[in-house]
Amino acid sequence: MTNHTDRPADFESYWDAVDQQLAAIPAAPELDLLPIRSNEHCDVYSVRLTSVGPYRIFGYFSVPGKGSGPFPGMLLTPGYGSVKAVPDYNDRMRYVTLQVIHRGQRLADKPYAAAYPGLMTEGIDDPENYIFRDIVADCLRGAEFLLSRPEVDTNNVAVMGNDLALITAARRPQFSIVQAADLMFHRLMEARMRTEAYPLEEINEYLRTHPEREEAVARSVAYLDPVHHVGNITATTSLSIGDQGSTAGADWLERVSKNFGGPVENYQLTHEGGTDHDTVDAWMAEKLGSQPMSRFMTTV
Amino acid sequence: MTATRKPPEEHQTSVVRPPDFDEFWGAIMAEVNEIPLDPAMEHVPMRSTDEVDVYEIHYNSLDNVRIAGWYCRPKESYIKPPYPALLLVPGYVSEPTLPKSWAKMGYAAVGVAPRGKLRSNGQFNPGYPNLLTHNMIDRNTYSYRGFYVDAARAVDFALSRPEVDPARVGVHGSSQGGALTITTAALRNEVITVGAAGAPYLCGFMDAASLTHSYPYEEINDYLRVHPDHEQQVRETLNYFDGINFAPQIKCPMLVYVGLEDDVCPPETGYDLVKAMECPTELIATPRCAHDAGRKWVMPKVEEFLNGHLKPAAAELHAEPTVG
């Protein structure tokens, strides 16, 4: 029986193969201005890119409208769910942003539309076919696009998101800043037994139906566990930490925090959404040389 | 010209109740009442547990659109019927989750997927962003005309179940789920016995759009930048769909909770909603909280409030936190 937290023996070759697949396929970016989402502060484009498969993914790409640039960059990796919004108004004003929309999510759902619930376990009994292998590739493709843009100050690019942001930063070292929260894949096989909440409940449901596949599932998700990736992150990282004793708590994430290749700061979430947003925003703005901005307007 | 933002309780809504508001919705509900519900349930063993049976459900709604959802009920070996019904209504971008944790508490719980949500988007699919502004200048084809009805129609589904106690029917959600809690409690006010609405969206649309640049309300700002000449038509249409105008029709006890730094659904609009309610209403406003609306601290109160009115058999258990 494999220890569920072990690093798979072929970890490097597994992910190198993804990089090789990406390298073999032209991204063929297609940008279209979206006048309705653009404003006096930014231009917003839809972008379509080819990822592994080949599969055409979607993104929202925005460039600040004032100043000549280059501007700090911000890659937003997608969270779990079918809909991803246009990047935040304040972020579009300050940074060149790219919101990646991975295969299966709305706007990248033809020909493959992800099911919710369902995505979490798609192909999970085989690491080569697990959907999150391709989803990571989609994020890496987005990273390559953003880092290639002339509007971006490539010495000053951040990535924000969950496990996908950490994996992206680990495999594309050009990122200098990382902000991560809501990790799903760390010690997932233990975490799933402590919750009935989705999406981890999808794994519980799958294994109730297919108990004989537990070893295979554990093997697939081990490739995604951020603890095996963060050693390759040299960027400065902020890791949002939840309540002690939870699967987002400092004790649960201790191995992740300690394994980073670069400096890491744990941010203890207050669960006051305004406070947490403004704190993280100010941290990011300082690192990227910009001004902090609250989403809650104090003047109208 | 800019001014310092006033405390939310001092805000004056710009929402106007159209004189034919009741007539407009009366005609829509009469129309849907003529459409056979034709409910269907398919057991989903994979997602069921020792305590809870999960079903994928479908029913007919306005314009004969087939609506999907999840129905989770306690197994009779776990808790014997009758059960109180609880409708869980979804946020704008989220898909309805399976309300298994509520069913484990003893509720016959319906997770509603109004038109445009996954599994209910075969006949109507404006997409995201766009749902908020789809046909926003025409009250007779505006997206939320059918969307609101789809949620209200889930009440009919619940009442079609013999294991449901028709005297105990609640509705709960946050964000767009908060809005649907308001509209469903109003449109089915003869049936709904309690409701809990978090960070209610779709209340004071135009005021909200002037108080934030966060999506989804930013969709309205985006639209009006491109179509500034449509503002009056937009305002007139939205008055027919504003939760503030539904509020006086609600008869049951309600809990409304807001975050006082909510950039998505500005707290002013939550206060305006509560001012318009004539039913017994409790408002919880949590400082420094945003669209979470103080979820960490408020969810126990939401459960206590709903459980107090609906009396599920295993009220000592807890549901998964409601997100919008």
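Here is the naming used below: chain letters follow the sequence lines, and residue numbers restart at 1 for every chain.
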Considering only heavy atoms, which portion of [X] lies under 4.5 Å from any heavy atom of chain A: side chain, backbone, both, or neither?
X: B:Tyr128; value: both
X: B:Ser48; value: backbone
X: B:His291; value: neither
X: B:Leu98; value: both
X: B:Val226; value: side chain
X: B:Thr4; value: both
X: B:Thr2; value: both
X: B:Arg225; value: side chain
X: B:Asp262; value: backbone

Atom group of [X] that falls short of 4.5 Å from chain B, counting heavy atoms:
X: A:Asn39; answer: both
X: A:Thr270; answer: backbone
X: A:Tyr60; answer: side chain
X: A:Thr299; answer: both
X: A:Thr298; answer: backbone
X: A:Asp243; answer: side chain

When rounded to the nearest 0.5 angstrom, what distance separates [atom1] in [X] from [atom2] in [Y]?
X: B:Cys289; Y: A:Asp276; atom1: SG; atom2: CG; result: 8.5 Å
X: B:Glu219; Y: A:Ile36; atom1: CD; atom2: CD1; result: 8.5 Å
X: A:Arg208; Y: B:Asp50; atom1: CZ; atom2: CG; result: 7.5 Å
X: A:Met297; Y: B:Ser210; atom1: CE; atom2: OG; result: 7.5 Å
X: A:Asp278; Y: B:Asp263; atom1: CG; atom2: CG; result: 9.0 Å

Item to check | Nearest non-hydrogen partners of B:Leu118 and A:Ser82, listed with the distance | outcome: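 Minimum heavy-atom contact is CD1-CB, 3.8 Å.
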Ion pair check, [X] and [Y], cut-off under 4.0 Å:
X: B:Lys104; Y: A:Glu196; answer: yes
X: A:Arg106; Y: B:Glu95; answer: yes
X: A:Glu205; Y: B:Lys100; answer: yes

How about [atom1] on [X], more than 12 heavy atoms from neighbouring residues, nucleotides or ligands closer than 6.0 Å, or not?
X: A:Glu40; atom1: CD; result: yes
X: B:Glu42; atom1: CD; result: no
X: A:Gln268; atom1: CD; result: yes
X: A:Asp182; atom1: CG; result: no
X: B:Lys6; atom1: NZ; result: no

Checklist entry - So, does B:Asp292 use its side chain to make a donor-acceptor pair with the main chain of A:Gly273 at under 3.5 Å? => result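 Yes; judged by distance alone, with no hydrogens or angles, the pair exists.
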Next on the checklist: With chain B as the partner, which of A:Glu272, A:Arg295, A:Glu202 has the greatest number of non-hydrogen pairs under 4.5 Å?
Outcome noted: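 Of A:Glu272, A:Arg295, A:Glu202, A:Glu272 has the most heavy-atom pairs under 4.5 Å with chain B.
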Item to check | Largest heavy-atom contact set with chain B, pairs under 4.5 Å, which of A:Val300, A:Asn204, A:Thr195 | outcome: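 Among the listed options, the one with the most contacts to chain B is A:Val300.
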Next on the checklist: Heavy-atom pairs under 4.5 Å with chain A: which of B:Arg47, B:Arg119, B:Met46 has the most?
Outcome noted: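 Ranked by contacts with chain A, first place is B:Arg47.
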Checklist entry - Looking at B:Glu218, B:His227, B:His213, B:Arg295, which has the largest count of heavy-atom pairs under 4.5 Å with chain A? => result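 Top count of heavy-atom pairs under 4.5 Å with chain A: B:His213.
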Item to check | A:His271 and B:Trp297 aromatic ring geometry - parallel, tilted or perpendicular at 30°/60° bounds | outcome: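 B:Trp297 and A:His271: perpendicular rings.
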Checklist entry - Does NZ or CZ of B:Arg5 lie under 6.0 Å from the centre of the six-membered ring of A:Phe296, at an angle within 45° of the ring axis? => result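 The answer is yes; both the distance and angle limits are met.
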Checklist entry - Under a 4.5 Å cut-off applied to non-hydrogen side-chain atoms, are B:Tyr215 and A:Pro87 in contact? => result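 SC-SC contact between B:Tyr215 and A:Pro87 ruled out.
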